[in-house]
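Residue numbers start at 1 and run along the sequence shown.
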Amino acid sequence: MTTAGVETLPLFLSSEAQRPIAWRRGAPVLLAEFRSHVASVVARLPKPPAPAAMINLCEDRYKFLVAYAAALSVGHTVLLPSSRADQVVADVAAANAGSYRIDDNAVDAALAQPSTDSINERIPADTTVMIGYTSGSTGQPKTFPKLWRTVNGSNARNAQSIRAAIADKTSTVWALATVPPQHMYGMEMSVLLPLLGDMAVHAGRPLFPADIAAALAEIPRPRVLISTPVHLRAIVGSDQQFPEVDAIVSATAPLDQSLAAAVTAKLGGELVEMFGSTETCVFASRLTAGEAQWRLYEGVQLEPRDDGTLVNAPWFVEPVLLQDMVELQPGNRFVVRGRSSDMIEVAGKRASLTDLTKRLLTIPGVQEAAVFQPDADAVGTIRRVAALVVAPTLTAREVLDQLAAGVDSAFLPRPLLIVDSLPRNELGKLPRENLLRALRRE
């Protein structure tokens, strides 16, 4: 739709007042009630010419969703810090003069004073509706603005991928997410899907298997668990009984086929793994338990280059360069061969950190591994590689002896440390600073 010469897109895929949009306090929240909650927050937001950027710090997913919709309704950009740490939030605020913060208490205060005002449900397509931030672990945090037209295009494909894995094609899909809404993956799967898809989301964010099981039992079927490899690994390793789910969605870190199969056996649903980034949003998926290749969303094009892969899609403003190195396959598919930043050189020889990690994982008894290259002053003048390995029944010497059979001696990890667990963050990723900290502790 075009209003006064400006293209607009809807805030809600369906404006049906009785459509469920969330599960909160043991009951569904319908769109009519959600609209009134959004209007209550809108009434308390800064008005023009006041700031136009909201730092959304809500932990409750429903309150985050309400605050996000309120910001879009008044044309404010939503800033998504990489964490809620005081300094991280302060840095984001300092970089956006006049921005304001909103948290669970602020939303509660707004909901205590209901508003009957209407909200704007047509958002200009070229509005910057969010800005994601990297952690800055390898330098200054990078910003990734997203237009409303961009997230609309990606979201429609995400909904199709999830729906395709569910037998029931007509009922409202109920989602439970273990990831924070401030993360781009959490935004796509637990905030944008309720707004722009025929899905509703549980307001909570359970972390432990027993809490995940209890929350899943609250919501109707068809139900979807949106999670990460670190949470899925905990689910598989627990004795907790789970209600059957209709699909599982995973992202943020590669998921191996054996874990995917174990998750499917434990929970009963098909596992859909999403491929994307903060830069691009999701643009491909696969059914990991049965396939290694990724399937591109319709209209997405990849161009392998020496420095990564150029990604383009009809909903992009311009192509985006990723560090991932891919190999194109027939049928609009691809496989990932590593990252451009993954290649290292030692004593004039080159190798891939990803390949070295994969070789470690083929050793019987090795459960998890991470190979990385520390800073030069951490290991001397030659930048060798180091490794953290989870292998309860093996010694470091035994692992190295087996690895040496297929790896050049220049790339044998020194040190290689046996650890109880890898230092993953809450999304299952392994930030470089976590790896270095673990290395120093040992």
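Counting non-hydrogen atoms of other residues, nucleotides and ligands closer than 6.0 Å to CD of Glu291 gives a total above 12.
For the 3.5 Å distance criterion, the side chains of Ser227 and Thr178 qualify, holding a donor opposite an acceptor. The closest side-chain donor-acceptor pair between Asn434 and Arg437 falls under 3.5 angstrom.
When atom types are taken as modelled, the side chain of Ser285 and the backbone of Val272 share no donor-acceptor pair closer than 3.5 angstrom. Side-chain N or O atoms of Arg157 include none that pairs as donor or acceptor with a backbone N or O of Tyr297 at under 3.5 Å. Under a 3.5 Å cut-off, the side chain of Asp211 and the backbone N or O of Leu207 do not form any donor-acceptor pair. Under the 3.5 Å distance criterion, the side-chain polar atoms of Glu368 are left unmatched by any main-chain donor or acceptor of Leu422. A donor-acceptor contact shorter than 3.5 Å is absent between the side chain of Asn155 and the backbone of Val151. Between the side chain of Ser190 and the backbone N or O of Pro181 there is no donor-acceptor pair closer than 3.5 Å. A donor-acceptor pair under 3.5 Å is formed between the side chain of Arg61 and the backbone N or O of Val179. Between the side chain of Ser73 and the backbone N or O of Ala69, no donor-acceptor pair lies under 3.5 Å. Judged purely by atom type and a 3.5 angstrom limit, Ser40 uses its side chain to pair as donor or acceptor with the backbone of Ser36. Remark: side-chain polar atoms of Arg286 are paired, donor with acceptor, to backbone N or O of Ala292 under 3.5 angstrom.
For His76, the ring-ring contact (aromatic ring centres under 6.0 Å, His included) criterion is met by Tyr100, not counting sequence neighbours. Applying the side chain to side chain donor-acceptor pair (under 3.5 Å) test to Ser15 and every residue at least two apart in sequence or in another chain returns nothing. Annotation: side chain to side chain donor-acceptor pair (under 3.5 Å) contacts of Gln87 (sequence neighbours excluded): Asp91.
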Donor-acceptor pairs under 3.5 angstrom involving side-chain atoms of residues 308-317: please list them, not counting sequence neighbours.
residue: Thr309; atom: OG1; partner: Asp324; partner atom: O; Å: 2.6

Show every donor-acceptor pair shorter than 3.5 Å between a side-chain atom in residues 50-59 and any protein atom, with sequence neighbours excluded, or say none if there are none.
residue: Asn56; atom: OD1; partner: Cys58; partner atom: N; Å: 3.2
residue: Asn56; atom: ND2; partner: Phe64; partner atom: O; Å: 3.2

Q. Can you check salt bridge (charged side-chain N to carboxylate O under 4.0 Å, His left out) on Lys63 and Asp108, steps first, answer last?
A. CA-CA 8 Å; Lys63 295 173 187 176; Asp108 285 336; 2.9 Å; yes
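The side-chain hydrogen bond (donor to acceptor under 3.5 Å, both in side chains) pairs that include a residue from residues 20-32 are Trp23-Glu218, where partners are two or more places apart or lie in different chains.
At least one side-chain heavy atom of Leu195 sits less than 4.5 Å from a side-chain heavy atom of Tyr68.
Nearest heavy atom pair, residue Val224 against residue Ile162, reads CG2-CG2, 4.0 Å.
For Arg337 and Glu327, the salt-bridge test passes: some basic side-chain N is under 4.0 Å from an acidic carboxylate O. Comment: Glu279 does not engage Lys142 in a salt bridge, judged by the lack of any side-chain N to carboxylate O separation of less than 4.0 angstrom.
The line from CG of Leu287 to CD of Glu270 is 4.5 Å long, rounded to the nearest 0.5 Å.
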